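In this text, all values refer to a predicted model and were calculated from it rather than measured experimentally. In what follows, chains carry the letters A, B, and so on, assigned in the order in which the sequence lines appear, proteins first and then strands, with residues in each chain numbered from 1.
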Protein chains: 2
Amino acid sequence: MGKNVPMERRERADAARNRQAILRAAEELLRRHPPEQVSVERVAAAAGVGKGTVFHRFGSRTGLMLELMSERAREFEQAFTEGPPPLGPGAGPAERLVAFFAAVAELAARNGNLVGAIEHARVTSRSHGEQPRESNPVYLAWHRHVCALIAEGRPDVDADQIAHMLLGTLHMEPIASRLRSGEHERLAAAFADLVNGLLGAGAAGG
Amino acid sequence: MGKNVPMERRERADAARNRQAILRAAEELLRRHPPEQVSVERVAAAAGVGKGTVFHRFGSRTGLMLELMSERAREFEQAFTEGPPPLGPGAGPAERLVAFFAAVAELAARNGNLVGAIEHARVTSRSHGEQPRESNPVYLAWHRHVCALIAEGRPDVDADQIAHMLLGTLHMEPIASRLRSGEHERLAAAFADLVNGLLGAGAAGG
DNA sequence: AAATATATGGACCACTGGTCAAGTTTGTCC
DNA sequence: GGACAAACTTGACCAGTGGTCCATATATTT
């Protein structure tokens, strides 16, 4: 039983081809233009498909951007949950957090306008009515991770809240623009200062 | 001397009346609806004026939201630059920062969707081409203040960057939604933990 | 080859922020 | 008071958006 579960038939070959074309076109446009200039219609045109197809595949503008981000984040997620230290398990919480944020900063820097694009999509989305950022699975996983590490190092603080705050940093325009010009090490250093202040000398260790 | 400088003639009485009507209408709508549902046209209708008038008075949707925020922030700005401690001068930098962020949290909580509305306006603005958040004078003043206090307490860190990060927190949706439901003390506590970690026990003192 | 499930494209919709020329109101000066 | 210019108001209009729909085309299965 259950050899081929028919609940989800595989995507048709042409559909899969188009999905890739759309993803790659969006990627390319985002690399060259600010998010508000990358409309669904332009993405469709660049991918050589109709606008309707994009909505068919991704549901909404937001869906497209989210998929793009998930693609990039999948490998990273594995690295911080089961990879080698200091990112993965094995190191102390402060060390892991610093490594995590350095990696996030680098990821964001490599991916140019993507973070901004997701924010833009969330905010301009008309149909699904402003779903909260928390419902983004990538964000959720990151938050859970940061939250756990903070709680481990400092059981006395509001880890949930602080995790949101630290992650939210990436959505700041002044930060994002520096990221775009390659200053991710500066961001990583600032993260390190904050994290070490919170977990480092202050309370946990000895 | 300089009794009546003619460089800027006073606003006409009807214009001033309409400006107030528009401001109050926007305020009221934002209290009841999420920012993306508060279009310029709706504001105009609620204020009993034509859409063109809103643009005439405020230049753009962003201009309107910014003016709304400036109104609220003016008094607060005076409090933290020249008022009594712990907000104003007289207390140590850590203490002042904690007070500042508690006040900001409270201000944001009292003003519901305003912060979100400004973000929304910035991102959906079409004409002026996505001016950076840094050009908002209110944001600028806040950043300068936070920056100076951080630098005072911890000359070794990247105060400019960290100030952006701490302030950016307010623009997070998960944070903002909690703020809206009145949990500003929770946010203030988290700020205090971060600030005390950075300035408090860690490095500066003895 | 026939049958069927799936994918496609682009006209279409409601709505947005923003513009503008034409008409109206106000303040001022005699 | 009346006249006049400057300031103000207006709503039709524009370009552009995200999203929907369905007749048509294509891939897959039998």
**Message:** How many whole angstroms separate atom CZ of A/F55 from atom P of D/dT17?
**Reply:** 11 Å
**Request:** Could you tell me whether B/R19 and B/D14 have a side-chain N and a carboxylate O separated by less than 4.0 Å?
**Result:** no
**Closest nucleotide among C/dT8, C/dG17, C/dT25 to the B/K51 side chain** = C/dG17
**Asked** Is there a side-chain contact between B/M165 and A/M165, using heavy atoms and a 4.5 Å cut-off?
**Response** no
**Request:** Report the distance from atom CZ of B/R17 to atom P of C/dT25, rounded to the nearest whole Å.
**Result:** 12 Å
**Message:** If we count only N and O atoms by modelled type, under 3.5 Å, do the side chains of A/Q20 and A/R24 hold a donor and an acceptor together?
**Reply:** yes
**Message:** Measure CZ/B/R42 against C1'/D/dG11 and give the value in whole Å, please.
**Reply:** 19 Å
**Prompt:** Rounded to the Å, how far apart are A/I22 CD1 and D/dG18 C1'?
**Reply:** 15 Å
**Complete:** Between CD of B/E36 and C1' of D/dT17 the distance, given in whole Å, is 15 Å
**Asked** Got A/R178 and B/D160 here, is their nearest side-chain heavy-atom distance under 4.5 Å?
**Response** yes
**Nucleotide nearest A/H56 when distance is taken to its side chain, options C/dA7, D/dG18, C/dG9** = C/dG9
**Prompt:** Counting only side-chain N and O atoms of B/R12, is one of them less than 4.0 Å from OP1 or OP2 of D/dC8?
**Reply:** no
**Asked** Can you find a side chain N or O atom of A/S39 that sits less than 4.0 Å from OP1 or OP2 on D/dT17?
**Response** yes
**Request:** Send over the distance from B/E11 CD to C/dT26 P, rounded to a whole Å.
**Result:** 14 Å
**Item:** Salt bridge flag under 4.0 Å for residues A/E77 and A/R144
**Value:** no
**Asked** Looking for any heavy atom pair under 4.0 Å, which part of the strands does B/T53 touch: base, sugar-phosphate only, or nothing?
**Response** base
**side-chain N/O B/R57 vs D/dC8 OP1/OP2, d < 4.0 Å** = yes
**Item:** Rounded interatomic separation in angstrom, taking CD from B/Q37 and P from C/dT16
**Value:** 10 Å
**Message:** So B/A13, base contact, sugar-phosphate only, or nothing? Heavy-atom distance under 4.0 Å.
**Reply:** sugar-phosphate
**Complete:** Judged by nearest nucleotide, the residue sitting upstream toward the 5' end of DNA chain C, A/G48 or B/E41, is A/G48
**Complete:** From CG of A/D14 across to P of C/dG9 the rounded distance in Å is 10 Å
